[in-house]
**Q** 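Here it is, the structure in full.
Note that this is a predicted model, so its numbers are computed, not measured. Only this structure's heavy atoms are used, side chains among them; waters, hydrogens and symmetry mates stay out.
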Amino acid sequence: MLAQSNPWLYIRKGVERWIEGGFSALAPKQKPKLRAKLEQPPEGMGDFALPLFEIASKLKISPERIAETLLTENERPPGISKMERAGGYLNFWVDSEYLTDMTLNGIINLRRDYGFSFERKKGRIILEHTSANPNGPLHVGRARNPIIGDTIARLLRANGYDVTTEYYVNDSGMQVATLVWGHLNLDIDWSESSHKKADHRYVRYYQETSRLPDSEEGIRKLLKDYEDGDPEAIREFKIHEEVLEGIIQSLEEINIKHDSFVHESKFLRSGDVAAVVEKLRPFCKSEDGSLYLEIDAENVYLTRRDGTTLYIIRDVAYHLDKFKRCDIAINILGEDHKLESKQLGKILDLLGKKKPLVIFYSFISLHEGKMSTRRGNIVYLDDLVDESISRAREEVKKRRPDLDEESVERIARAIGPSAVRYNIIKVQPQKQIEFRWEEALSFEGDSAPFAQYAHARCSSILRKLGEVEGFEPGSLINDSEIRVIKTLATFPSLVEEICDFERPRVHLLTSFLYDLARGFNQFYRDCPVIKAEEPLRSSRAALVMCVKQVTENCANLLGLEMPGEM
RNA sequence: GGGCGUGUAGCCUAGUCUGGAUAGGGCACAGGCCUCCUAAGCCUGGGAUCGCGGGUUCAAAUCCCGUCACGCCCGCCA
């Protein structure tokens, strides 16, 4: 099974067993048993390398002797065609016919499941992401949140986890109260802005109210009424739903959907928040009617002087509820939430409850500084995606004058959002990004269109070939063929390795996709498929089919579309 | 001032967790490749004291200590 579902790991494990067997023979009494730590050698030095230095010093035997003993006293491990000592390393070359046979058969049999785990893991996961305040449209500064969150959710599912993605709707705080106050009290001249989406229109209530210093008292009064359950206030707060609807649409544009929406107000109405306050009261200090906890020598306020609640206490109630519904909670949060998140963890500790795992990302800033809804120095996600689509449209029109309007549109809509996702996910989350249009809209090199283009070439070859069946593993001997096959073989290991709860390395999925596409483009240059003689023709056709399949599988993890023609 | 994070060619970035053989890529730049399955492609070239200084090690971009620069946070906002 492993041979087909994870060919590279299968061969690697064989090599490790072979080495460890050799070690046992060399030093039977050694405890604990010596492990084989394989690494990837530089280009041209084979496929696996065993550094001998550490073992040599442990056994007090020279690296040369160890290598010599291993090489002379044992049969070759399965799937290895050549072994050679080079300096302090023992290098292994994978037999390409063996690898080709396993890998192509694996992909052909497993198809869209290749790379993914069949083994269902225990434990329900709730992955919370985005959870942007519904007071305006999503902006690029925080666009990493949904993209990272959605990609991790896809990765976890591919590894057999049961994942629910959740949006925590902050409908009960100052931000939404500010929006509501503006809606009730401002008379805005709409003649200039006629945006069709509610989030883009209503954000002006929030922005303009934020500029009025006198509005604060009214906003607080409104919030107090709302928390006290005043029906009119509750009705007015519903305006946030239209904004949320706009945010949901923006997310759909980039292929993201949440499984669940949980509204903060639910915990206010159910009495959960009040119950948590009561539980924590014995640990709290009080001041003018407000409540606060001392955590790490800092005062963390739970309620205001007027009795209304603060974010963190509602967040505690939310997490208590969340852990009733799951075993593992993962939150995707901006780096500005680090302190709050740590404090939340301490409070959950205090209550003897589980804590969420948190993945933080740094902001995407503008050259002029941080984006801010309040100040309005901002690039909205909708605008970035629209711009990306229209640039894609221009490119397709230019390159493919033969296509009809409808096809052009379909392809542009596959390229635009994918390019945005790709360019954001390819950088690891903790790195800060300065937003530049040229970079965000890059369609060359390490980008989504590069992979989409290679995929389109695959599709085109396969369309022209018609029905082809079977392959001859021994006929694929060209360097570009072997290179692509090796890349295909490592996909399942990659999917498994990067799935780390503490530090999921989803950015490496783009590296893989890029490697595969680049390898394929070299193959495309070196190895004609349609004009090749049998059995080379069908073998190459099988390889092209496999590249297409694995490209799609990886694209699925990244939430990218593959239009199949460009 | 304290906490967390980041620093790799002109610009962007992988590798850092788990130390190993000439530090991978991309953009930009210079040159070459469409009578040949889509040139959003391919090939060649120049360009890196891995922020800086110590230390540990047979071996340091990677681990430890110090230091500097930048970002985020330190609110009865979220």
Side-chain angles (χ1 to χ4, degrees), chain A residues 37 39 41-45 49 51-54 56-57 63 86-89 91 131-133 135 170 173-176 178 220 264 287-292 296-306 308-312 314-315 334-340 342 360 362-363 365 369-370 392 395-396 398-400 415 423 426-428 430-434 436 438-439 442-454 456-465 500 502-503 505 507-508 510-511 514-515 517-518 520-522 524-532 540 544 565-566:
Chain A
K37 279 190 237 163
E39 25 189 273
E43 195 74 32
M45 310 283 269
L52 299 162
F53 315 98
E54 197 189 335
S57 73
Y89 297 86
N91 296 329
S131 301
N133 284 324
N135 62 347
N170 195 295
M174 281 293 256
Q175 267 71 10
V176 169
T178 304
R220 289 192 182 279
E264 212 181 7
E287 191 182 277
D288 308 330
S290 65
L291 278 181
Y292 65 91
D296 298 335
E298 303 244 17
N299 293 345
V300 178
Y301 283 83
L302 307 182
T303 64
R304 295 190 183 93
R305 202 170 318 170
D306 65 5
T308 54
T309 56
L310 285 151
Y311 177 78
I312 193 159
R314 303 191 300 263
D315 209 14
E335 60 178 340
D336 55 334
H337 279 67
K338 276 183 182 173
L339 182 60
E340 193 271 344
K342 193 171 149 201
F360 295 104
S362 298
F363 295 111
S365 61
K370 201 175 155 182
E395 290 294 318
V396 180
K398 197 167 75 194
R399 292 161 204 268
R400 299 292 305 275
I415 294 172
N423 288 329
K426 76 176 176 185
V427 180
Q428 31 173 324
Q430 64 270 30
K431 228 148 182 162
Q432 61 214 47
I433 298 180
E434 189 176 297
R436 286 191 205 93
E438 325 89 71
E439 261 169 50
S442 160
F443 284 8
E444 278 171 2
D446 187 8
S447 69
F450 184 93
Q452 291 169 321
Y453 187 70
R457 281 176 152 181
C458 291
S459 309
S460 167
I461 292 172
L462 294 172
R463 269 195 304 272
K464 288 184 176 157
L465 269 169
D500 172 349
E502 306 288 335
R503 208 165 82 111
R505 292 170 319 179
H507 63 287
L508 296 181
T510 58
S511 308
Y514 179 66
D515 260 2
R518 200 157 49 117
F520 175 77
N521 282 331
Q522 286 156 2
Y524 187 89
R525 170 202 61 199
D526 296 336
C527 307
V529 180
I530 295 169
K531 282 187 305 190
R540 284 182 175 165
V544 173
E565 133 177 78
M566 281 170 81

**Q** Looking only at atom C1', what distance separates B:U8 and B:A69, rounded to whole Å?
**A**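 B:U8 and B:A69 have their C1' atoms separated by 15 Å.
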**Q** What string of B, S and - do you get for nucleotides 28-33 of chain B, 5' to 3', when a contact is any protein heavy atom under 4.0 Å?
**A** S-----
**Q** On the nucleotide B:C12, are OP1 or OP2 found under 4.0 Å from the side-chain N or O atoms that A:Lys431 carries?
**A**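 No, outside the criterion.
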**Q** On RNA chain B, nearest-nucleotide positions of A:Glu264 versus A:Leu52: which is more 5'?
**A**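 It is A:Leu52, whose closest nucleotide lies nearer the 5' terminus.
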**Q** Mind checking who B:A61 pairs with, Watson-Crick or G-U wobble, both distances under 3.5 Å?
**A**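 Looking at the geometry, B:A61 pairs with no nucleotide.
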**Q** Can you find a donor-acceptor N/O pair under 3.5 angstrom joining the side chain of A:Asn91 to the base of B:A21?
**A**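 Counting by modelled atom types and ignoring angles, a donor-acceptor contact under 3.5 Å is found here.
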**Q** Output all residues satisfying salt bridge (charged side-chain N to carboxylate O under 4.0 Å, His left out) with A:Arg220, sequence neighbours left out; order by chain, then residue number.
**A**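 A:Arg220 satisfies salt bridge (charged side-chain N to carboxylate O under 4.0 Å, His left out) with A:Glu216 only.
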**Q** What residues, two or more places apart in sequence or in another chain, satisfy salt bridge (charged side-chain N to carboxylate O under 4.0 Å, His left out) together with A:Arg400?
**A**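 Per chain and number, A:Arg400 pairs via salt bridge (charged side-chain N to carboxylate O under 4.0 Å, His left out) with A:Asp402, A:Glu565.
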**Q** Could you tell me whether A:Glu39 atom CD has more than 12 heavy atoms of other residues or ligands within 6.0 Å of it?
**A**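 Yes, CD of A:Glu39 has more than 12 neighbouring heavy atoms, counting only those of other groups under 6.0 Å.
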**Q** Is B:C34 syn or is it anti, if syn means the base angle is within 90 degrees of 0?
**A**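 Syn conformation for B:C34.
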**Q** Find every protein N or O atom lying less than 3.5 Å from an N or O atom of nucleotides 56-60 of chain B, and list the pairs.
**A**
none

**Q** Quick one: list whatever passes ring-ring contact (aromatic ring centres under 6.0 Å, His included) with A:Phe360, sequence neighbours left out.
**A**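 Partners of A:Phe360 under the ring-ring contact (aromatic ring centres under 6.0 Å, His included) test: none.
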**Q** Please determine if a side-chain N or O atom of A:Arg525 lies less than 4.0 Å away from the OP1 or OP2 oxygen of B:C43.
**A**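 The answer is yes; a side-chain N or O of A:Arg525 sits under 4.0 Å from OP1 or OP2.
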**Q** Which nucleotide in the list B:U22, B:C36, B:C17 gets nearest to the side chain of A:Lys531?
**A**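 Selected nucleotide (nearest to the side chain): B:C36.
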**Q** List for me each residue that meets side chain to side chain contact (heavy atoms under 4.5 Å, CB included) alongside A:Glu298, sequence neighbours excluded, and say none if there are none.
**A**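 Once residues adjacent in sequence are excluded, A:Glu298 has no partner under the side chain to side chain contact (heavy atoms under 4.5 Å, CB included) criterion.
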**Q** Indicate whether OP1 or OP2 belonging to B:A39 is found under 4.0 Å from a side-chain N or O atom of A:Arg457.
**A**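 So the side-chain polar atoms of A:Arg457 do come within 4.0 Å of the phosphate oxygens OP1 or OP2 of B:A39, strictly under.
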**Q** I'd like to know if the side chain of A:Ser290 pairs up with that of A:Arg305 as donor and acceptor (distance under 3.5 Å, no hydrogens or angles considered).
**A**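 On atom types as modelled, these side chains do not qualify, holding no pair under 3.5 Å.
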**Q** Listed by chain and number, what are the ring-ring contact (aromatic ring centres under 6.0 Å, His included) partners of A:Tyr524, not counting sequence neighbours?
**A**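 If we apply the ring-ring contact (aromatic ring centres under 6.0 Å, His included) test to A:Tyr524, skipping adjacent residues, there are no hits.
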**Q** Just jot down the ring-ring contact (aromatic ring centres under 6.0 Å, His included) partners of A:Tyr301, sequence neighbours excluded, or say none.
**A**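 Checked A:Tyr301 against ring-ring contact (aromatic ring centres under 6.0 Å, His included); matches are A:Tyr292.
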**Q** Determine: side-chain N/O of A:Tyr514 to OP1/OP2 of B:G25, distance under 4.0 Å, yes or no.
**A**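 For B:G25, OP1/OP2 do not have a side-chain N/O of A:Tyr514 under 4.0 Å.
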**Q** Across all strands shown, which nucleotide pairs with B:U49 by Watson-Crick or G-U wobble geometry, both distances under 3.5 Å?
**A**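 Per the H-bond distance test, none.
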**Q** Among all residues two or more places apart in sequence or in another chain, which pass the side chain to side chain donor-acceptor pair (under 3.5 Å) test with A:Lys342?
**A**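 Side chain to side chain donor-acceptor pair (under 3.5 Å) check on A:Lys342 returns nothing, list empty.
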**Q** Find the partner of B:G1: check Watson-Crick (N1-N3 plus N6-O4 or O6-N4) and G-U wobble (N1-O2, O6-N3) distances, both under 3.5 Å, and reply none if neither fits.
**A**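 In the structure as shown, B:G1 has B:C74 as its Watson-Crick or wobble partner.
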**Q** Between the protein and nucleotides 70-77 of chain B, which nitrogen or oxygen pairs are less than 3.5 angstrom apart?
**A**
from: B:G71; atom 1: O4'; to: A:Gln432; atom 2: NE2; distance (Å): 3.4
from: B:C72; atom 1: O4'; to: A:Glu335; atom 2: OE2; distance (Å): 3.3
from: B:C72; atom 1: O2'; to: A:Asp336; atom 2: N; distance (Å): 3.4
from: B:C73; atom 1: OP1; to: A:Lys370; atom 2: NZ; distance (Å): 2.9
from: B:C74; atom 1: O2'; to: A:Glu298; atom 2: OE1; distance (Å): 3.0
from: B:C74; atom 1: O2'; to: A:Glu298; atom 2: OE2; distance (Å): 3.3
from: B:C76; atom 1: O2; to: A:Arg305; atom 2: N; distance (Å): 2.7
from: B:C76; atom 1: N3; to: A:Arg305; atom 2: NE; distance (Å): 3.4
from: B:C77; atom 1: OP1; to: A:Arg220; atom 2: NH2; distance (Å): 3.0
from: B:C77; atom 1: OP2; to: A:Arg304; atom 2: NE; distance (Å): 2.4
from: B:C77; atom 1: OP2; to: A:Arg304; atom 2: NH2; distance (Å): 2.7
from: B:C77; atom 1: O2'; to: A:Gln175; atom 2: OE1; distance (Å): 3.1

**Q** The criterion is ring-ring contact (aromatic ring centres under 6.0 Å, His included); which residues satisfy it with A:Tyr311, sequence neighbours excluded?
**A**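 Listed in chain order: nothing, the list is empty.
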**Q** Apply salt bridge (charged side-chain N to carboxylate O under 4.0 Å, His left out) to A:Lys370 and list each qualifying residue two or more places apart in sequence or on a separate chain.
**A**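 Checked A:Lys370 against salt bridge (charged side-chain N to carboxylate O under 4.0 Å, His left out); zero matches.
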